[in-house]
There are 2 protein chains.
Amino acid sequence: MRATDRLSLVFAALADPTRREILSRLSRGTATVGEVAVDFVMSAPAISQHLKVLEGAGLITRTARAQWRTLSLQAEPLDEANAWVEEQRRAWNLRLDALDDHLAAKKKSISEDHDSQEAER
Amino acid sequence: MRATDRLSLVFAALADPTRREILSRLSRGTATVGEVAVDFVMSAPAISQHLKVLEGAGLITRTARAQWRTLSLQAEPLDEANAWVEEQRRAWNLRLDALDDHLAAKKKSISEDHDSQEAER
């Protein structure tokens, strides 16, 4: 799978408040499908659909433990999503810094022009 | 608009490689719609649709400058998305730390049991 496709799947999975809530729940500890269903007062097919989307994005895994299926958060795709967002922020901040420098240089040059005009009087 | 709805819009907007590329382009500086269209070799309706989604999520703004419409990145929604992801990571790391402590305590108690058994011999 291309990295961009995985990122798209991760962001699409995060684009739903219920799925984000499920991830929040799992970030505090693993849970069975039944426990998640109880927490969210949701029909079994609805919860199953959300879990499928989260699993497809690699954000959770299911492991069979005795007769229960345990859900765990997978942190790596979250880290990739984070890295992408932070990269844009970094570029944007660099750009704002460059604008600041440009404005400061312009201000300095205007004030120097002014000073030399004052001196010529 | 509820914060969760905005977050959903932001994540949905990020769930497309072309829209992420447009944001990357804009994080390095503002651009006109025409410049973005040239960079992406895309039909005007296609680019317009992507820009609409990004604008709807508050990730970009358009300002009319002379006859050109200039596109700018808006960093705030990106920061909100980042904050959400980081919060989950933090909770997850806390949980892993707690598991580590638990395992370390268990290991210590097993080794102490073993020592006291050795001493009794």
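Every chain is numbered from 1 and lettered A, B, ... according to where its sequence line falls, protein lines coming before strand lines.
- B/Trp84 places none of its side-chain heavy atoms less than 4.5 Å from the side chain of A/Asn82.
- Under the rule for a side-chain contact (heavy atoms from CB on, under 4.5 Å), the partners of B/Arg62 that lie at least two apart in sequence or sit in another chain are B/Val33, B/Leu51, B/Glu55, B/Arg69, B/Leu71.
- By the side-chain contact (heavy atoms from CB on, under 4.5 Å) test, A/Asp16 pairs with A/Thr18, A/Arg19, A/His50, sequence neighbours left out.
- Counting heavy-atom pairs closer than 4.5 Å to chain B, the top residue among A/Ala13, A/Ala12, A/Ala15 is A/Ala15.
- Proximity to chain B among residues 90-99 of chain A is limited to A/Ala91, A/Trp92, A/Arg95, judged by heavy-atom separations below 4.5 angstrom.
- Interatomic distance, B/Ser24 OG to A/Glu87 CD, rounded to the nearest 0.5 Å: 7.5 Å.
- For residues 35-49 of chain A, an interface with chain B (any heavy-atom pair closer than 4.5 Å) does not exist.
- Per-residue counts of heavy-atom pairs under 4.5 Å with chain A were compared for B/Asp79, B/Val10, B/Leu23, B/Leu14; the largest is that of B/Leu14.
- A side-chain N or O of A/Ser8 and one of B/Arg20 form a donor-acceptor pair less than 3.5 Å apart.
- Counting heavy atoms from C-beta outward, B/Glu86 and A/Glu86 have side chains that approach closer than 4.5 Å.
- Atom CD of B/Gln88 is separated from atom CZ of A/Arg25 by 12.5 Å, given to the nearest 0.5 angstrom.
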